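Computation of the quantities below employed the complete heavy-atom set of this structure, encompassing side-chain atoms and omitting hydrogens, waters and symmetry-equivalent molecules. From a predicted model like this one, the values you see are computed outputs, not experimental measurements.
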There are 2 protein chains.
Amino acid sequence: MKNLEMLTYDELLVEFKNILKADGLKFTSQREAILSTLYENPQHFTSENLYMLVKQKHPELSVGIATVYRTLALLEENGLVSSISLGIQGKKFEIANKPHHDHLICESCGKIVEFENEKIEDLQHQIAKENGFVLTDHLMQLYGICTECQKNQSK
Amino acid sequence: MKNLEMLTYDELLVEFKNILKADGLKFTSQREAILSTLYENPQHFTSENLYMLVKQKHPELSVGIATVYRTLALLEENGLVSSISLGIQGKKFEIANKPHHDHLICESCGKIVEFENEKIEDLQHQIAKENGFVLTDHLMQLYGICTECQKNQSK
DNA sequence: TTACCATATGAATATCATTATCAAAAAAGG
DNA sequence: CCTTTTTTGATAATGATATTCATATGGTAA
């Protein structure tokens with residue numbers, strides 16, 4: 001897979017079109033609307049949230065929730081979007097054109113802070129190696145209470 | 001919460017009874033069957049898998065799937081059981097009478113290896129602190145291909 | 001451009017895991 | 001034993017995601 005870090009939207013679009021063409025799939029206005037909404041709003045979306053925002057940003061288009069699910073799956077399969085599973089809060093998606101990172105999640109308000117830590121990545125590879133695994137991926141989520149929620153709780 | 005590491009089954013049972021009593025709840029044969037099955041099979045179970053095993057181990061008992069869900073939630077709330085969320089594979093539960101650990105998961109065969117690494121834990125606390133968070137929990141899962149599956153793939 | 005055909009779409013329906021409801025059963029405490 | 005409260009299993013409800021299907025649309029070859 002290509003390295004998608006820090007691509008402009010046009011570059012991302014070219015990449016997407018290439019993937020579609022290679023698979024005999026079609027470039028549609030719905031697919032573009034979903035990709036551009038993700039690009040312009042580099043946050044973490046549930047399928048439902050994204051569906052609502054896409055409809056708001058593209059009122060001229062007819063977009064169904066099923067298409068949002070289908071497109072997110074397609075984008076994720078091809079590495080243009082990544083997801084995290086947040087237990088009860090459900091699955092959230094974000095555009096994958098930024099460097100690898102993990103997530104620090106506030107259990108009170110749901111805020112998500114991204115971070116990356118090379119030392120931990122190194123240790124993870126070491127652990128996998130010790131157990132005879134070839135590492136393909138990892139998931140690291142830290143849960144806590146953010147500064148603001150700490151203040152609110154103590155009131 | 002008490003430290004539950006390395007308890008014998010009898011000790012765990014006493015702990016469970018104390019929790020129930022403190023909350024005005026009742027000690028039932030279904031609840032005991034579920035706890036003992038988890039204790040005797042220190043693996044990772046989906047609710048469905050555990051339901052089937054409990055019925056197999058205790059054919060004399062009437063046990064419904066709803067009770068398994070309810071009891072797992074109860075045990076988890078009280079720290080006797082811990083769970084991990086495995087994306088498409090669903091949520092899995094295990095007895096929580098062993099030291100804290102994280103999971104290394106084979107993407108091919110689903111095998112789960114447990115490990116613990118103090119250096120990573122330290123780094124996680126440091127990251128949380130840097131971002132103003134009070135850390136309450138974390139989730140770390142490493143995905144890869146285990147030794148055996150590597151062999152099978154190269155055949 | 002046009003015509004054709006494969007793919008994509010939205011609406012509706014199905015699915016699947018989990019949760020809630022409720023009448024009957026069982027535990028705890030006198 | 002009684003009485004009260006909680007628990008139970010069966011079933012229905014829920015909610016997120018996936019599938020179906022008739023129609024619409026994109027890509028392409030002439």
Donor-acceptor under 3.5 Å (A/S83 side chain, A/K92 main chain): no
Please check: side-chain N/O of A/N78 versus main-chain N/O of A/L80, any donor-acceptor pairing under 3.5 Å? no
Does [X] have any salt bridge (charged side-chain N to carboxylate O under 4.0 Å, His left out) partners at least two apart in sequence or in another chain, and if so, which?
X	answer
A/K129	none
B/E148	none
B/E130	none

Using a cut-off of strictly less than 4.0 Å, decide whether B/Q30 has a side-chain nitrogen or oxygen near OP1 or OP2 of D/dG9. yes
Partners passing side-chain contact (heavy atoms from CB on, under 4.5 Å) against [X] (at least two apart in sequence or in another chain):
X	answer
B/Y51	B/E48, B/K55, B/I65, B/V68
B/T136	A/E107, A/Y143, A/I145
A/R31	A/F16, A/L20, A/L25, A/T28, A/T71, A/L74
A/H125	A/L135

Quick one, which residues of residues 50-59 of chain B touch DNA chain D with a heavy atom under 4.0 Å? none
Measure from [atom1] on [X] to [atom2] on [N] and round the result to the nearest Å.
X	N	atom1	atom2	answer
A/L75	C/dA8	CG	P	13 Å
B/K17	C/dG29	NZ	P	12 Å
B/D23	D/dT6	CG	P	11 Å
B/E76	C/dT18	CD	C1'	14 Å

Please list all pairs passing the ring-ring contact (aromatic ring centres under 6.0 Å, His included) test where one or both residues lie in residues 94-118 of chain B, with sequence neighbours left out. B/H44-B/H103, B/H100-B/H138, B/H101-B/H103
Check residues 34-42 of chain A and write down every donor-acceptor pair under 3.5 Å in which the side-chain atom is one partner and the other belongs to a residue at least two apart or another chain.
residue : atom : partner : partner atom : Å
A/S36   : OG   : A/E32   : O            : 3.2
A/S36   : OG   : A/A33   : O            : 3.1
A/T37   : OG1  : A/A33   : O            : 2.7
A/Y39   : OH   : A/L7    : O            : 3.2
A/Y39   : OH   : A/Y9    : N            : 3.3
A/N41   : ND2  : A/T37   : O            : 2.9

Short N/O separations, protein against nucleotides 11-16 of chain D, under 3.5 angstrom:
none

Base, sugar-phosphate, or nothing for B/R70, non-hydrogen atoms under 4.0 angstrom? base
Please tabulate the protein-to-nucleotide N/O contacts below 3.5 Å involving nucleotides 26-30 of chain D, giving atom names and distances.
residue : atom : partner : partner atom : Å
D/dG26  : O3'  : A/F27   : O            : 3.3
D/dG26  : N2   : A/K26   : NZ           : 3.0
D/dG26  : N3   : A/K26   : NZ           : 3.2
D/dG27  : OP1  : A/F27   : N            : 3.3

